[in-house]
Amino acid sequence: MAALRLEITDYTGSDRWRWVLKNAEGAYLTDHAVQLDPADPSTRPCSISRLISDTMPAQTSATRMNAV
């Protein structure tokens with residue numbers, strides 16, 4: 001499986017930035033500008049670890065140990 005790298009560029013605050021997707025060699029593939037509405041409660045800032053834990057299926061301790 002080929003590796004991809006997702007970078008944040010042009011970060012001007014928690015409501016505006018740009019994603020850049022690159023291949024394993026660092027060549028540009030695509031990008032996307034993000035501009036969130038700060039008045040919209042669904043776009044409130046959150047930590048990436050909270051986002052991942054809220055969207056990933058729960059794992060038992062045994063499942064985590066088997067992954068190591």
Side-chain angles (χ1 to χ4, degrees):
M1 173 183 270
L4 297 174
R5 187 170 63 211
L6 186 62
E7 299 177 354
I8 297 175
T9 64
D10 304 330
Y11 181 87
T12 60
S14 62
D15 61 346
R16 184 178 289 183
W17 66 90
R18 185 170 67 100
W19 294 109
V20 176
L21 183 64
K22 297 181 179 182
N23 68 13
E25 291 76 35
Y28 170 89
L29 298 174
T30 191
D31 67 351
H32 177 73
V34 177
Q35 184 172 352
L36 303 177
D37 178 0
D40 183 346
S42 69
T43 63
R44 72 188 193 306
C46 68
S47 70
I48 192 70
S49 60
R50 169 98 189 244
L51 178 64
I52 290 170
S53 67
D54 287 350
T55 58
M56 297 296 291
Q59 292 183 342
T60 65
S61 296
T63 304
R64 283 192 294 256
M65 290 303 292
N66 288 336
V68 175

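Throughout, residue positions are numbered sequentially from 1 according to the sequence presented.
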Could you measure the distance from the CZ atom of R5 to the NZ atom of K22? Nearest 0.5 Å is fine. 5.5 Å
Residues clustering with L6 (ILVMFWY side chains joined when closer than 4.5 Å, directly or via others): L4, I8, Y11, W17, W19, L21, L29, V34, L36
Linked hydrophobic residues, V20 as query - side chain contacts closer than 4.5 Å: Y28
Name all residues meeting the side chain to side chain donor-acceptor pair (under 3.5 Å) criterion together with D37; count only those two or more places apart in sequence or in a different chain, and write none if there are none. none
Mind checking what makes side chain to side chain donor-acceptor pair (under 3.5 Å) contact with T9, not counting sequence neighbours? R18
